[in-house]
Novice: 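The structure that follows is given in the form of structure tokens.
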Amino acid sequence: MSPTGADGCLFCRIVRKEIPARIVFENERLLAFEDIRPRAPVHVLIIPKDHFASLDDAPEGSEALLGEILLRARALAREKGVGETGYRVVLNTGRDSGQEVFHIHFHVLGGRPLHWPPG
Ligand code: AMP
Ligand code: ZN
């Protein structure tokens, strides 16, 4: 998918419940749902409900929001049973990272040994 604004954005459509998703957490600011193509036994995406394309586009003043996402990643990892075995939080940003959906999203991956360095 190429960069788009909120109107045509896949993840904004999930936020608006126009497209189904397996939602695992929601509050006023955040939504978390199962990745449709899981790369590990645990693979959840966490997004802010407000649209911005990537970390590179994060607005001034988003420190608290970004911090809340990280702590939610920890909480979801614990709920999914990988808090002790370990997990990885991934934030792909821009073309070389392989970012495909241009609504910022944090991957939470776990449940198997994860290779390092990533490809
Ligand atoms: P990225 O490559 O970091 O942009 O990751 C995009 C992620 O979104 C991929 O892991 C996809 O499997 C996932 N994805 C794409 N469409 C959906 C969808 N409709 N519901 C849940 N996850 C999705
Ligand atoms: Zn969006």
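Counting starts at 1 for both ligands and their atoms, following the listed order. Positions are given from 1, in the same order as the sequence printed here.
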Novice: Can you name the atoms of ligand 1, numbered from 1 with element, that are less than 4.0 Å from a heavy atom of Gln99?
Specialist: 2 (O), 4 (O)
Novice: Considering only the protein, which heavy-atom contact is closest to atom 6 (C) of ligand 1, and what is its distance?
Specialist: His105 NE2, 3.4 Å
Novice: Taking side chain as C-beta onward, heavy atoms only, is Val15 less than 4.5 Å from Ile47?
Specialist: yes
Novice: Would you mind running through ligand 1 and noting each atom that sits below 4.0 Å from a heavy atom of Gly98?
Specialist: 2 (O)
Novice: Counting N and O atoms only, with roles assigned by atom type, does the side chain of Glu28 sit under 3.5 Å from a partner on the main chain of Leu30, one being a donor and the other an acceptor?
Specialist: no
Novice: Counting heavy atoms only, which of Leu91, Leu109, Asp35, Leu10 is nearest atom 9 (C) of ligand 1?
Specialist: Asp35
Novice: Tell me which part of Asn92 gets within contact of ligand 1: side chain, backbone, both or neither, using heavy atoms under 4.0 Å.
Specialist: side chain
Novice: One residue to check: Val90. Relative to ligand 1, which of side chain, backbone, both or neither has a non-hydrogen atom less than 4.0 Å away?
Specialist: neither
Novice: Going by the atom numbers of ligand 1, which of them fall below 4.0 Å from some non-hydrogen atom of Arg37?
Specialist: 12 (O)
Novice: For ligand 1, which is the ligand I care about here, please tell me if Val101 has any N or O atom under 3.5 Å from one of the ligand's N or O atoms.
Specialist: yes
Novice: Within the 4.0 Å heavy-atom shell around Glu100, which atoms of ligand 1 are there?
Specialist: 1 (P), 2 (O), 4 (O)
Novice: Find all atoms of ligand 1 within a distance of less than 4.0 Å from any non-hydrogen atom belonging to His107, and give their numbers and elements.
Specialist: 1 (P), 3 (O), 5 (O), 7 (C), 10 (O)
Novice: Quick one: report the N, O or S atom of His51 that is nearest to the Zn ion (ligand 2).
Specialist: ND1
Novice: Could you tell me if Asn92 and Glu100 have a donor-acceptor pair between their side chains, going purely by distance under 3.5 Å?
Specialist: no
Novice: Heavy-atom contacts with Glu34 under 4.0 Å: which atoms of ligand 1 show up? List them by number with element.
Specialist: 21 (C)
Novice: Measure the distance from atom 20 (N) of ligand 1 to every protein heavy atom, then report the residue, atom name and distance (to 0.1 Å) of the closest one.
Specialist: Ile36 CB, 3.7 Å
Novice: Only one of Leu45, Val90, Ile69 passes side chain to side chain contact (heavy atoms under 4.5 Å, CB included) with His105; say which it is.
Specialist: Leu45
Novice: With carbon and hydrogen excluded and only N/O/S kept, which atom of His103 is nearest the Zn ion (ligand 2)?
Specialist: ND1
Novice: Can you name the atoms of ligand 1, numbered from 1 with element, that are less than 4.0 Å from a heavy atom of Leu45?
Specialist: 8 (O), 13 (C), 22 (N)
Novice: Which of the atoms of ligand 1 are close to Phe11, meaning less than 4.0 Å from one of its heavy atoms?
Specialist: 8 (O)
Novice: So, Glu18 side chain and Arg13 main chain: donor-acceptor pair closer than 3.5 Å or not?
Specialist: no
Novice: Return yes if some donor-acceptor pair links the side-chain N/O of Arg72 with the main-chain N/O of Phe25 below 3.5 Å, else return no.
Specialist: no
Novice: Please answer whether the main-chain N or O of Arg74 pairs with a side-chain N or O of Glu79 as donor and acceptor at a distance below 3.5 Å.
Specialist: no
Novice: Can we say Lys17 and Glu26 salt-bridge, meaning some charged N sits less than 4.0 Å from an Asp/Glu carboxylate O?
Specialist: yes
Novice: Would the distance check show the side chain of Lys80 and the main-chain N or O of Pro41 forming a donor-acceptor pair, the cut-off being under 3.5 Å?
Specialist: no
Novice: With a 4.5 Å limit on heavy-atom distance, are the side chains of Val108 and Leu76 in contact?
Specialist: no
